[in-house]
J.: 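The structure is given below, and queries will be raised subsequently.
This one's a predicted model, so the numbers in the text were calculated from it and none came from an experiment. The chains referred to below are lettered A, B, ... by the order of the sequence lines, with proteins before strands, and numbering in each begins at 1.
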2 protein chains.
Amino acid sequence: MDDWNDLRLVLAVARAGSLTGAAEVLRVNHSTAFRRLGSLEQRLGVRLFERLPGGTYLATAAGERAAAAAERIETEAAALGRDIAGQDVRLTGRLRVTSSETLAFRLLTPAIRRFRDAHPGITVELVIDNRVLSLSRREADIALRVMRPTEGELHGRKLADIAWTVYASRELGASGEDGLGALSHLPVIGWEDGVRGINAAEWLDRHVSDTQIVYRTSSVVNQLVAAKAGLGAAVLPCYLGDPEADLVRLFDPVRELARELWIVTHADLRRTARVRAFLDIVGEALIAERALLTGMDRPAEQTTGGYKADAMTSG
Amino acid sequence: MDDWNDLRLVLAVARAGSLTGAAEVLRVNHSTAFRRLGSLEQRLGVRLFERLPGGTYLATAAGERAAAAAERIETEAAALGRDIAGQDVRLTGRLRVTSSETLAFRLLTPAIRRFRDAHPGITVELVIDNRVLSLSRREADIALRVMRPTEGELHGRKLADIAWTVYASRELGASGEDGLGALSHLPVIGWEDGVRGINAAEWLDRHVSDTQIVYRTSSVVNQLVAAKAGLGAAVLPCYLGDPEADLVRLFDPVRELARELWIVTHADLRRTARVRAFLDIVGEALIAERALLTGMDRPAEQTTGGYKADAMTSG
DNA sequence: TCCTGCGCTTGCAATCCTGCAAGCGCCCTT
DNA sequence: AAGGGCGCTTGCAGGATTGCAAGCGCAGGA
């Protein structure tokens, strides 16, 4: 097999289940992917995928065999790439970082600006994606995550706790009721129905009835904008809500909603010069914002009724 | 690492120890290899090879790491290639066969002609190489070898014994002496000094003095031509010597010189349709030549003095 | 039943990669 | 010391591959 790169295509199609999905992952045109797969199947004299109606590509036995081999090759190539990158002493080149949209919106841009000022030869690509990108497969070099890394080969550093609470516009928040009372009848901004894996969305499901949620969006920045516009109350991280003079807290930060901010890379990349530089500079810049992240720098008059967060915790 | 094919280049350079050698193995232009290696090193930001005077490329630590990964990838890709090829039911496409020059010269061409007549859609590439090509790495699909395969994953079939003996031109062989007597003072045609791994060459080292060897060449067909021209006596396989009316045997076939003819493929390719077809047709064609291969179809008058081969065996 | 959106397929032009060719440098042999 | 051979390097042209664009078909929803 003289073209190992074709196996990347096979693996991408097997994973994506479609040709266009694979083309996207590989960043090639779908017509290119179409031709390369056809050419490969012709050279091998075997069908790797059944084409099903609706564009679904289903791996045949040979396709599964090829995808399995490609996955092992990918693991080998990724480890090699990390090893080599891990020894890279240059403070130039490209750095791929993944983060949440809200962190990017409020905190990362100035931090990345400082990093770029210190290292103008490094290009930062900030990927804001709903998917959790794989650091093992080098879909990103560095991730800012809201939980401790669990995979053995990832290396992370906790930067701060992240406080969350419920916000409303001054108009909606001026009801005179305490936070809990207000939340029980205000219109509420939330996530899509049945969303999983987002702690704030799950908390909301437990504490407000479905009929109160009048606006749903997966974009937390969008929820911020909607809250400011008076559409309803929203559950937001304090670093997002507190700087907004138009918003008031309905509660002090809610312990159940608290998260941790981690900055994570693959163990093999820890010694890559530009990775270390980013971890240092951006890590310190975020640590400097601890007061904001933990909800500690907002004056009490911005919380309607001064309701204590601890009363909200269950179990 | 987005270009897995570059790793083939790294592996080839590591193995060949030179850029031009690697280019040859990969069947690309040396200028292409030069540019691709340079481009890869630039993208990775690391030197994979030290360039030494005289064109030697010596792998750096990173180069060794990359070559090791590439070797594992190669093993994976080769196994995949064999698996897929092993299920190939087409009687079309390319078949790569390796054999000795003498077999090709005397026996294979008519056999391959019969094979091609039966399967005109199959292209046969016959590689005559001093190196033993790897069937595991699919440097060839089928090999004709003079010894039983020892690697576990090769599958072979013994076709015949191969008899060898010493030939001379009618003029040189008309001395009236018995074979042993004649060999002790005739000029002799041989291999390069100190050659290893060729049984006939080692036998010659034991039985004639260095000073008798007046012509040396690694090409056994060339030795045949030289013997016919009367340059000296030559050790030849009977299938090469016996059909030549210009030559006479100095001995009956010598037991020490005997070899076995095996037709070998990788176990994974046994069920490939065109491989099976080749094994069947060419295997049968060679078996049909058993009399010639074993030296059994030559009349006694073509052996000077009728000297019995067994007298020649030592130990 | 019709329309829209998504995926497939292919022609064409642009871009990129490769081979060819030539020149340079170095080393070895005469 | 000179010449030849081998490997390196690079410009240029040609071919191969890719992206763009457009058309087709199918499925799902209105």
Side-chain angles (χ1 to χ4, degrees), chain A residues 1-60 63 67 70 77 94 130-131 192-193, chain B residues 1-60 63 67 70 77 94 125 130-131 192-193 216:
Chain A
M1 177 154 290
D2 286 349
D3 195 341
W4 296 352
N5 283 337
D6 279 339
L7 290 178
R8 297 187 68 221
L9 176 60
V10 172
L11 181 56
V13 175
R15 281 177 173 155
S18 76
L19 200 68
T20 48
E24 209 171 314
V25 168
L26 296 177
R27 292 192 213 99
V28 297
N29 197 268
H30 60 276
S31 59
T32 297
F34 177 84
R35 290 198 195 99
R36 278 163 63 186
L37 182 60
S39 174
L40 176 63
E41 285 178 325
Q42 189 181 26
R43 286 203 301 283
L44 296 178
V46 69
R47 281 293 267 244
L48 297 172
F49 297 96
E50 293 303 323
R51 280 80 160 151
L52 300 182
T56 300
Y57 275 57
L58 190 64
T60 62
R94 198 178 72 161
N130 287 340
R131 298 181 297 115
E192 298 96 329
D193 228 341
Chain B
M1 176 155 291
D2 286 350
D3 196 339
W4 297 353
N5 283 337
D6 280 339
L7 291 177
R8 297 186 69 220
L9 176 61
V10 171
L11 180 57
V13 174
R15 281 177 175 153
S18 75
L19 199 67
T20 48
E24 208 170 316
V25 167
L26 296 178
R27 292 191 216 100
V28 297
N29 197 267
H30 60 276
S31 59
T32 297
F34 176 84
R35 290 198 196 97
R36 277 161 63 186
L37 183 60
S39 173
L40 177 63
E41 286 179 324
Q42 189 181 26
R43 286 203 302 282
L44 295 179
V46 69
R47 281 294 266 241
L48 299 172
F49 296 97
E50 293 302 324
R51 280 80 159 151
L52 300 182
T56 300
Y57 275 59
L58 188 66
T60 61
R94 198 178 71 163
E125 283 182 28
N130 287 339
R131 297 181 298 114
E192 298 96 331
D193 228 341
R216 295 178 181 277

J.: What is the distance from CZ of A:R27 to P of D:dG19, rounded to the nearest Å?
T.: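 The distance from CZ of A:R27 to P of D:dG19 comes to 12 Å, rounded to the nearest Å.
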J.: On the nucleotide D:dT18, are OP1 or OP2 found under 4.0 Å from the side-chain N or O atoms that A:N29 carries?
T.: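 So the side-chain polar atoms of A:N29 never come under 4.0 Å of the phosphate oxygens OP1 or OP2 of D:dT18.
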J.: Going through the checks in order, is the side chain to side chain contact (heavy atoms under 4.5 Å, CB included) test met by A:F49 and A:V10?
T.: CA-CA 9 Å; A:F49 297 96; A:V10 172; 4.0 Å; yes
J.: Is there a donor-acceptor pair closer than 3.5 Å between any side-chain N or O of B:E41 and the backbone N or O of B:L48?
T.: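 It does hold such a pair.
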J.: Within a radius of less than 6.0 Å around CD of A:E24, do more than 12 heavy atoms belonging to other residues, nucleotides or ligands occur?
T.: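 For A:E24, atom CD is not crowded (no more than 12 foreign heavy atoms under 6.0 Å).
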J.: Is there a donor-acceptor pair closer than 3.5 Å between any side-chain N or O of A:S18 and the backbone N or O of A:T56?
T.: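 No; judged by distance alone, with no hydrogens or angles, the pair does not exist.
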J.: Do B:R51 side-chain and D:dG7 base share a donor-acceptor contact under 3.5 Å?
T.: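 Flag unset: no donor-acceptor pair detected.
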J.: Taking the side chain of A:Y57 as its heavy atoms from C-beta onward, which of D:dT18, C:dC8, C:dG19 lies nearest to it?
T.: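 Shortest atom-to-atom distance from the side chain points to C:dC8.
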J.: Just compare D:dT10, C:dC8, D:dC20 and give me whichever is closest to any side-chain atom of A:S31.
T.: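 Minimum distance to the A:S31 side chain belongs to D:dC20.
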J.: In whole angstrom, give the distance that lies between atom CG of A:L26 and atom C1' of D:dT17.
T.: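 About 15 Å, once rounded to whole Å.
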J.: Roughly, in whole Å, what's the span from CZ in A:R36 to P in D:dA16?
T.: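 Rounded to whole Å, this separation is 17 Å.
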J.: Could you state the NE2-C1' distance from A:H30 to D:dG23, rounded to the nearest angstrom?
T.: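 Taking NE2 of A:H30 and C1' of D:dG23, I get 12 Å after rounding.
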J.: Whole angstrom is fine here: how far is it from CD in B:E24 over to P in D:dG7?
T.: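 Taking atom P of D:dG7 as the reference, CD of B:E24 is at 9 Å.
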J.: Closest-nucleotide mapping onto DNA chain D: is B:L19 or A:A33 further toward the 5' terminus? I mean the 5' end.
T.: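 Checking each residue's closest nucleotide, the 5'-ward one belongs to B:L19.
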J.: Could you state the CG-C1' distance from B:N5 to D:dA16, rounded to the nearest angstrom?
T.: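 So the CG-C1' distance, B:N5 to D:dA16, works out to 15 Å.
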J.: Within this structure, what is the CG-to-C1' distance between A:D3 and D:dA16, rounded to whole angstrom?
T.: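 Going from CG in A:D3 over to C1' in D:dA16 covers 13 Å.
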J.: May I have the distance from B:L37 (atom CG) to D:dG7 (atom C1'), rounded to whole angstrom?
T.: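 Roughly 14 Å, once rounded to whole Å.
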J.: Would B:Y57 and B:R51 satisfy side chain to side chain contact (heavy atoms under 4.5 Å, CB included), going step by step from the backbone distance to the final call?
T.: CA-CA 5 Å; B:Y57 275 59; B:R51 280 80 159 151; 3.7 Å; yes
J.: Go through the N and O atoms of the side chain of B:R35 and the base of D:dG11, and report whether any donor-acceptor pair is under 3.5 Å.
T.: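 Donor-acceptor pair under 3.5 Å: yes.
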